[in-house]
There are 2 protein chains.
Amino acid sequence: MRSIKLQNRPGTGTYIKGQERIEQILVAAQGILIDKGYSGLSMRKIATAVGITIGNLHYYYPSKKDLLSDLLDHVIEGYLLEFNTARAEAGSSALDQFIAIINFIVDDLTTHDTTNFFPELWALANHDEQAAERMHELYRKARLDINDLIAQINPTLSHQQREEVGLFISASLEGLTPFIGNGKPWNSNVANIKRIAIKSFVDLVTDIRDEDIASSKSELIAACD
Amino acid sequence: MRSIKLQNRPGTGTYIKGQERIEQILVAAQGILIDKGYSGLSMRKIATAVGITIGNLHYYYPSKKDLLSDLLDHVIEGYLLEFNTARAEAGSSALDQFIAIINFIVDDLTTHDTTNFFPELWALANHDEQAAERMHELYRKARLDINDLIAQINPTLSHQQREEVGLFISASLEGLTPFIGNGKPWNSNVANIKRIAIKSFVDLVTDIRDEDIASSKSELIAACD
DNA sequence: CCAAATATAGGACGATTGAACTATTTTATT
DNA sequence: AATAAAATAGTTCAATCGTCCTATATTTGG
């Protein structure tokens, strides 16, 4: 099922029981991180949630840092897997696939887990370099599909312009999380917000031209800030 | 200078020294929260940063919860003040003011403090009801100006549609923080991203019509998800 | 089935945490 | 100057933290 290389202590996880245990540990850690935040995530709480002792947990993960590293890989791998399957189910035309991705992202960020996990990840990335790397790696992979579709919808854009438009769309969608996410004040408006997002992003990708984004040359001439 | 009602222990802060001390405490706490995150924010670290003892800190804030409550008020009040002055400096036409606000928000979220504080606030809001209330109150106030300008630019929008468009724009801008913020991978592209944002949001507010956002009636007929 | 590797339990360590308490010093007002 | 309120220092407490160590139980491969 999962084929990524985990970073637990070498030697551990070779028995079936150990592999299952690692999975239990990561699932439990993810649940605590989502429910209580990073400040509420401790080795003892993880061990208790799994039903093992701290000594046993420490056998798999000698330090909390090791566990967090594996946890981020585990969660991010799950999202990438989810993202790929969603892409496969998309429509035929580039525009349909583009809209399907927006729909998928919005639907996903309104789930309990995603709503609560990602703000934690963003905060973590501000103080943990490793978390930052994992986060940006996740988003970079997630933008590959978006950028590809943008290129099909609007072939006039340069590579850099396409990447910047893709980043803007991706980041904008992520920004909806604390507002329309699970249990958030605007969660009941998610259907309308989604329509606004689709119209806005489709128009953006369709209509935007080179002149709208200053090149490095014209940027030197007229800095608009 | 600051006129908001703080929530420190009654009786404290009546002397000038006490008022200055409270300000020092909140500034120090904000700095630690920004630099180390909430998990790295402790009463002792705050006291040490201020140069007082834990006992003295507890005299002002009997519990960490009380301090956090005051801290959020303090920081949010600062942002609202900053936002109001920025609005006063904006141009004459509604469209110019709209663009000025976008410029201000993007410039602000690329500062070190804002880049690091708000993700912490979003994560905090997921696990602390009081933090959630403060956060949404801040954004609600910040959207007042945006919504007002949207109404001037596009008077055809209903109240609800205007609010939803305003929320989408505000949330989208916030979402840029973990990507183009201070020290983030796309920080060097902030000028171009800003142009994309301005074009996208101006087009959205100018062009959007009632039909683009389904009313409660048509929503029942055709759910597009 | 047996030996080596793996998994688990349980306790202990020092450090840190939020909180509480008392005694002393400083401030502002009369 | 006197006095009441406010501010500060210093200590202690129980709980929790990450980490480490040792002994025992379990699993797997030959």
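Atoms considered below: every heavy atom in the structure, side chains included; atoms not considered: hydrogens, waters and symmetry mates. Keep in mind it's a predicted model, so treat the numbers as computed, not measured. Reminder, nothing fancy here: chain letters follow the sequence lines and each chain counts from 1.
Legend: residues meeting side-chain contact (heavy atoms from CB on, under 4.5 Å) with B:Asn189, ordered by chain and number and at least two apart, are A:Gln160, A:Glu164, B:Trp186, B:Ile193. The salt bridge (charged side-chain N to carboxylate O under 4.0 Å, His left out) test applied to B:Arg134 returns B:Asp73, not counting sequence neighbours. Partners of B:Glu20 under the side-chain contact (heavy atoms from CB on, under 4.5 Å) rule, at least two apart in sequence or in another chain, are B:Ile16. With sequence neighbours excluded, no residue satisfies side-chain contact (heavy atoms from CB on, under 4.5 Å) with B:Gln19. The side-chain contact (heavy atoms from CB on, under 4.5 Å) search around B:Lys36 returns B:Ile32, not counting sequence neighbours. Taking A:Phe104 as the reference, A:Phe83 meet the ring pair (Phe, Tyr, Trp, His ring centres under 6.0 Å) condition, with sequence neighbours excluded.
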Show the atom names and distances, to 0.1 Å, of all donor-acceptor pairs under 3.5 Å that link a side chain in residues 139-146 of chain B to residues at least two apart or in another chain.
from: B:Tyr139; atom 1: OH; to: B:Trp122; atom 2: NE1; distance (Å): 2.9
from: B:Tyr139; atom 1: OH; to: B:Glu174; atom 2: OE1; distance (Å): 2.7
from: B:Lys141; atom 1: NZ; to: B:Glu137; atom 2: OE2; distance (Å): 3.2
from: B:Asp145; atom 1: OD1; to: B:Arg87; atom 2: NE; distance (Å): 3.2
from: B:Asp145; atom 1: OD1; to: B:Arg87; atom 2: NH1; distance (Å): 3.0

Side-chain atoms of residues 39-55 of chain A: list all donor-acceptor pairs with protein atoms under 3.5 Å, sequence neighbours left out, distances to 0.1 Å.
from: A:Ser42; atom 1: OG; to: A:Lys45; atom 2: N; distance (Å): 3.2
from: A:Lys45; atom 1: NZ; to: A:Gly40; atom 2: O; distance (Å): 3.2
from: A:Thr48; atom 1: OG1; to: A:Arg44; atom 2: O; distance (Å): 2.8
from: A:Thr53; atom 1: OG1; to: A:Asn56; atom 2: N; distance (Å): 3.3

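B:Ser69 and B:Asp66 share no donor-acceptor pair across their side chains, judged by distance under 3.5 Å alone. For the 3.5 Å distance criterion, the side chains of B:Tyr79 and B:Thr114 qualify, holding a donor opposite an acceptor.
At whole-Å resolution of the value, NZ in B:Lys64 and C1' in C:dT17 are 8 Å apart. If you measure from atom CZ of B:Arg9 to atom P of C:dA19, you get 12 Å, rounded to the nearest angstrom.
Taking CG of A:Leu67 as the reference point, atom CG of A:Leu71 lies at 6.5 Å (rounded to 0.5 Å). How far CG of A:Leu81 is from CD1 of A:Ile76: 13.5 Å, rounded to the nearest 0.5 Å.
Each end of the helix from C:dC1-D:dG30 to C:dT30-D:dA1 gets its own rotation axis from five pairs of C1' atoms, and the angle between them is 20° to the nearest 10 degrees.
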field: Annotated protein contacts, base or backbone, on nucleotides 24-30 of chain C with a non-hydrogen cut-off under 4.0 Å, one of B, S, - each
entry: --SBS--

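Between B:Lys194 and B:Asp107 there is a salt bridge, since at least one side-chain N of the basic residue sits less than 4.0 Å from a carboxylate O of the acidic one.
Close approach of DNA chain D to chain B, defined as any atom under 4.0 Å from a non-hydrogen atom of the protein, starts and stops at D:dA5 to D:dT12.
For the contact set between residues 38-60 of chain A and DNA chain C, defined by any heavy atom under 4.0 Å, the members are A:Arg44, A:Ile52, A:Thr53, A:Gly55, A:Asn56, A:Tyr59, A:Tyr60.
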